[in-house]
Amino acid sequence: MSKFDKRYLQMAAIWAKNSYCKRRQVGALLVNGNMIISDGYNGTPAGFENVCEDENGVTKPYVLHAEANAITKVAKSGNNSEGSTLYVTASPCIECSKLIIQAGIKRVVYHDEYRLSDGIDLLKRAGIEVVHIDNLDNGE
């Protein structure tokens with residue numbers, strides 16, 4: 001764990017507050033060489049209404065996860081994520097883990113455990129370093 005891991009994860013938690021999702025707010029930062037190259041939070045695609053859940057409180061199927069938003073944002077920028085670290089407030093699902101692998105991200109640092117571990121299992125299988133930080137308090 002680097003000395004900046006907890007700080008970047010704390011920043012991702014602050015960034016998650018930009019999400020308008022009610023069930024869960026997730027934030028992600030993509031960092032390469034101690035420089036933030038992208039960010040994301042969960043929400044609907046650009047141009048859609050800013051409502052993540054339907055009238056029954058169920059997340060709409062087209063809501064993008066924070067990781068997917070950060071990865072697609074860096075792709076749009078002309079930059080790339082090869083060899084970078086992804087800081088995300090919740091462990092990646094299997095779909096986001098596939099994107100992480102394909103984007104060349106080499107390290108994932110996360111806070112909350114997702115209800116399924118298949119995403120983390122896939123990352124480890126792909127040789128990506130996975131770090132779980134369960135305490136985000138300011139104390140080192």
Side-chain angles (χ1 to χ4, degrees):
M1 186 167 85
S2 86
K3 71 177 190 169
F4 293 111
D5 282 346
K6 190 177 275 193
R7 291 186 185 125
Y8 281 128
L9 205 48
Q10 289 168 331
M11 290 170 70
I14 291 167
W15 199 244
K17 295 176 182 177
N18 289 322
S19 171
Y20 36 81
C21 294
K22 292 185 175 108
R23 288 183 63 214
R24 175 177 237 180
Q25 294 179 317
V26 180
L29 291 179
L30 206 45
V31 176
N32 203 351
N34 287 331
M35 186 172 83
I36 298 169
I37 59 171
S38 190
D39 55 61
Y41 50 86
N42 56 326
T44 55
F48 281 68
E49 73 289 350
N50 290 341
V51 179
C52 295
E53 295 85 9
D54 65 18
E55 60 279 351
N56 298 316
V58 177
T59 300
K60 294 176 180 176
Y62 51 86
V63 167
L64 289 158
H65 289 186
E67 307 94 312
N69 270 326
I71 291 167
T72 55
K73 190 173 181 179
V74 78
K76 246 174 121 172
S77 75
N79 204 338
N80 74 73
S81 50
E82 190 69 40
S84 63
T85 298
L86 177 72
Y87 294 90
V88 62
T89 58
S91 60
C93 70
I94 189 90
E95 293 301 318
C96 287
S97 292
K98 291 189 276 188
L99 292 175
I100 290 165
I101 293 165
Q102 289 300 95
I105 296 166
K106 295 299 176 204
R107 200 163 170 268
V108 173
V109 180
Y110 71 96
H111 180 250
D112 295 330
E113 295 278 357
Y114 185 63
R115 58 184 170 81
L116 302 172
S117 66
D118 54 355
I120 293 295
D121 296 340
L122 184 65
L123 292 174
K124 289 177 180 175
R125 185 173 163 202
I128 293 172
E129 180 186 352
V130 176
V131 178
H132 177 218
I133 297 177
D134 59 358
N135 182 357
L136 285 185
D137 290 339
N138 286 332
E140 299 299 317

Would you say the side chain of L123 lies within less than 4.5 Å of the side chain of I101, judging by non-hydrogen atoms?
yes
More than 12 foreign heavy atoms under 6.0 Å from CD of E113: is that the case here?
yes
Find out whether Y8 and V109 are in side-chain contact, i.e. whether some heavy atom of one side chain is under 4.5 Å from a heavy atom of the other.
no
Is there side-chain contact between P45 and L64, with heavy atoms separated by less than 4.5 Å?
yes
Side-chain hydrophobic cluster, 4.5 Å single linkage: members besides I14:
none
Any side-chain heavy atom of M11 sitting closer than 4.5 Å to one from I36?
yes
Going by heavy atoms in the side chains, are E67 and L99 under 4.5 Å from each other?
no
Side chains of P92 and I100: does their closest heavy-atom pair fall under 4.5 Å?
yes
Pairing residues for N18 by the side chain to side chain contact (heavy atoms under 4.5 Å, CB included) criterion, not counting sequence neighbours:
W15, Y41
When rounded to the nearest 0.5 angstrom, what is the spacing between CG in D121 and OG in S97?
9.0 Å
Report the distance from atom CZ of R107 to atom OG of S84, rounding to the nearest 0.5 Å.
11.0 Å
Separation between CG of N50 and OG1 of T44, rounded to the nearest 0.5 Å
5.0 Å
Taking the side chain as every heavy atom from C-beta outward, state whether Q10 and R7 have any pair of such atoms under 4.5 Å apart.
yes
Side chains of Y114 and R24: closer than 4.5 Å at any heavy-atom pair?
yes
Taking only residues two or more places apart in sequence, or in another chain, which ones meet T59 in a side chain to side chain contact (heavy atoms under 4.5 Å, CB included)?
R23, E53, V63
How many angstroms lie between NZ in K3 and CG in N34, if you round to the nearest 0.5 Å?
8.5 Å
Looking at K60, I'd like to know if its NZ atom is crowded, meaning that more than 12 non-hydrogen atoms belonging to other residues, nucleotides or ligands lie closer than 6.0 Å.
yes
